[in-house]
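Here is the structure we will look at.
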2 protein chains.
Amino acid sequence: MKKHILLYGLLGGVLIAVLNLIEYRFLVIEHSAEIYGALIGLLFALLGIWLGLKLTRRTDTIIVREVEVPVPASLPFARNDETLRSLGITPRELEILEQIAAGLSNREIGEKLFVSENTVKTHSSRLFDKLGAKRRTQAVQLAKELRLIP
Amino acid sequence: MKKHILLYGLLGGVLIAVLNLIEYRFLVIEHSAEIYGALIGLLFALLGIWLGLKLTRRTDTIIVREVEVPVPASLPFARNDETLRSLGITPRELEILEQIAAGLSNREIGEKLFVSENTVKTHSSRLFDKLGAKRRTQAVQLAKELRLIP
DNA sequence: TGTGAAATCACTCTAAAGGATGACGCGAAA
DNA sequence: TTTCGCGTCATCCTTTAGAGTGATTTCACA
């Protein structure tokens, strides 16, 4: 990470030096000064932008970490249909619940299930009501406790 | 992110213009040109370094490869401290994460931890950044996958 | 002694979520 | 055939989340 900054500083320094040299020549042969100034600005701006792009782009370090996951000795998850029915949660609502738990926004859920965002809102509102939740995070938490979702 | 680049371009443009104006004066009164060049370089270099610092934050994409390891499962939950450290998640941020997972709102978390809602927001913002999450539900989901929370 | 990480808080905006209500089509059951 | 549950969609409105920025304090470490 810090290498980038150091690298930039170095390049900047070198550029300054080089440009200073060039400047001498330009001045000696009495060249157009404004063009020169613009060029300097452009060069440094380009350098900065290039750097910015370098850092912004998906040049991210990809860390592959192997996590030891205990093989599902605990059952692969059995949905609690009793509770599901007793709460009167419909299949569609359950579907929305699962998507919410997956961390999707209402819009994303709508796109995924081919319905409007409004519909998703309606479903989730009714869902929260049935679950007694005030927020989607709470709904997820409750649903997990009730074993409605894994 | 892209805002930074745009901002940089804009500032660069403005600087070029300003510098060109200054250049005129400098040339008119026949001033030392190398000082001027160094100044330009310095300004742009500073801009670039500032940009670099802004962008140098962790953007690592963490890929978790799950390896099935037969373990007598149902262990009381062991926090993945490796990941925790590699992501640079602070103890306080983890605390907020747990509360978010519990389904609390920012306000409720603030009251529970005796800090302002604004503070909770700051923590959660940084947390989402480190986790690469866009929403709190997604943060919870990712954190569970990464075994940062039960 | 100053440098940096961490925690705290504020303020402004935009985006997303959520509540309330009404409406419509469709298929199953009364 | 009418009723009712379900899924669909909308509109208005309020609340909550989240992004971005800047500032202060504390504490450890060099």
Side-chain angles (χ1 to χ4, degrees), chain A residues 1-2 5 56 84-142, chain B residues 1-8 10-11 50-51 53-59 84-97 99-142:
Chain A
M1 278 308 170
K2 312 226 165 180
I5 301 175
T56 313
L84 208 52
R85 257 183 289 109
S86 74
L87 289 179
I89 293 176
T90 70
R92 200 53 163 171
E93 286 164 356
L94 180 60
E95 219 169 336
I96 265 86
L97 174 58
E98 284 164 351
Q99 300 304 316
I100 289 177
L104 302 188
S105 70
N106 288 336
R107 178 164 306 159
E108 287 167 342
I109 296 173
E111 284 167 2
K112 191 167 183 179
L113 301 185
F114 306 108
V115 295
S116 82
E117 187 184 344
N118 284 316
T119 303
V120 177
K121 280 186 172 187
T122 305
H123 283 312
S124 56
S125 264
R126 287 206 270 253
L127 185 63
F128 298 160
D129 197 38
K130 290 170 183 174
L131 281 173
K134 288 176 189 164
R135 283 166 290 284
R136 42 177 50 216
T137 43
Q138 196 181 4
V140 170
Q141 165 67 6
L142 289 170
Chain B
M1 277 305 174
K2 312 226 165 181
K3 281 185 186 175
H4 288 302
I5 300 175
L6 285 175
L7 184 61
Y8 184 90
L10 229 137
L11 282 175
W50 166 78
L51 222 207
L53 280 172
K54 274 284 167 189
L55 295 173
T56 316
R57 284 174 309 177
R58 288 198 157 279
T59 15
L84 208 54
R85 258 182 288 106
S86 74
L87 288 179
I89 293 175
T90 70
R92 200 53 162 169
E93 284 164 356
L94 180 61
E95 221 170 330
I96 265 85
L97 174 58
Q99 299 305 316
I100 288 177
L104 302 188
S105 70
N106 288 336
R107 177 165 305 157
E108 287 167 344
I109 296 173
E111 285 166 2
K112 191 166 183 180
L113 301 184
F114 306 108
V115 294
S116 81
E117 187 184 343
N118 283 317
T119 303
V120 177
K121 281 187 172 188
T122 304
H123 283 313
S124 56
S125 263
R126 286 206 268 254
L127 185 63
F128 298 161
D129 197 38
K130 290 171 182 175
L131 281 174
K134 289 175 188 163
R135 283 167 288 285
R136 42 179 48 219
T137 44
Q138 194 181 6
V140 170
Q141 165 67 6
L142 288 169

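All chains are named by letter (A, B, ...) in the order of the sequence lines, taking the proteins before the strands, and each is independently numbered beginning at 1.
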Item to check | Rounded distance in Å - CG (A/L113) to C1' (D/dG7) | outcome: 12 Å

Checklist entry - Heavy-atom distance under 4.5 Å between the side chains of A/K130 and A/T90, does that happen here? => result yes

Checklist entry - Can you tell if the side chain of B/L113 reaches within under 4.5 Å of the side chain of B/V120, non-hydrogen atoms only? => result no

Item to check | Interatomic distance where CD belongs to A/E93 and C1' belongs to D/dC6 [whole Å] | outcome: 9 Å

Next on the checklist: As an exercise, state the distance from CG of A/L94 to CG of A/L127, rounded to the nearest 0.5 Å.
Outcome noted: 8.0 Å

Item to check | Nearest-nucleotide 5' precedence on DNA chain C, B/T137 against B/P91 | outcome: B/P91

Checklist entry - What's the CG-P distance between B/L94 and C/dA7, to the nearest Å? => result 10 Å

Next on the checklist: So, does A/S124 get its side chain near the phosphate of C/dA17, meaning an N or O under 4.0 Å from OP1 or OP2?
Outcome noted: no

Item to check | Any B/T119 side-chain N or O less than 4.0 Å from OP1/OP2 of C/dA7 | outcome: no

Checklist entry - Taking atom types as they are modelled, is there a donor-acceptor pair under 3.5 Å from the base of D/dC6 to the side chain of A/T90? => result no

Checklist entry - For the pair made of CZ in B/R92 and C1' in C/dC9, what is the distance, rounded to whole Å? => result 13 Å

Checklist entry - What distance do A/T122 atom OG1 and A/R92 atom CZ have between them, rounded to the nearest 0.5 Å? => result 12.0 Å

Using atom names, set out every protein N or O paired with an N or O of nucleotides 11-17 of chain D below 3.5 Å, distance rounded to 0.1 Å.
residue: D/dT16; atom: OP2; partner: B/R107; partner atom: NH1; Å: 3.4
residue: D/dA17; atom: OP1; partner: B/N106; partner atom: N; Å: 3.3
residue: D/dA17; atom: OP2; partner: B/N106; partner atom: N; Å: 3.3

Next on the checklist: Could you tell me how far apart A/R126 (CZ) and C/dA20 (C1') are, to the nearest whole angstrom?
Outcome noted: 12 Å

Checklist entry - Rounding to a whole Å, what distance do you find between A/L127:CG and D/dG7:C1'? => result 14 Å

Checklist entry - With sugar-phosphate meaning primed atoms plus P, OP1 and OP2, does B/S116 contact a base, only sugar-phosphate, or nothing at under 4.0 Å between heavy atoms? => result sugar-phosphate

Next on the checklist: If I take atom CD1 in residue A/I96 and atom C1' in nucleotide D/dC6, what distance separates them, rounded to the nearest angstrom?
Outcome noted: 12 Å

Next on the checklist: Counting only side-chain nitrogens and oxygens, does B/S125 get under 4.0 Å of the OP1 or OP2 atom of D/dA19?
Outcome noted: yes

Item to check | Heavy-atom side-chain proximity of A/R136 to A/F128 below 4.5 angstrom | outcome: yes

Next on the checklist: Quick one, A/E108 and B/Q138 - any side-chain contact, counting heavy atoms below 4.5 Å?
Outcome noted: no

Checklist entry - Roughly, in whole Å, what's the span from CZ in B/R85 to C1' in C/dA6? => result 17 Å

Checklist outcome for this item: Looking only at heavy atoms, the pair that brings B/S124 and B/N106 closest together is OG-OD1, 4.5 Å

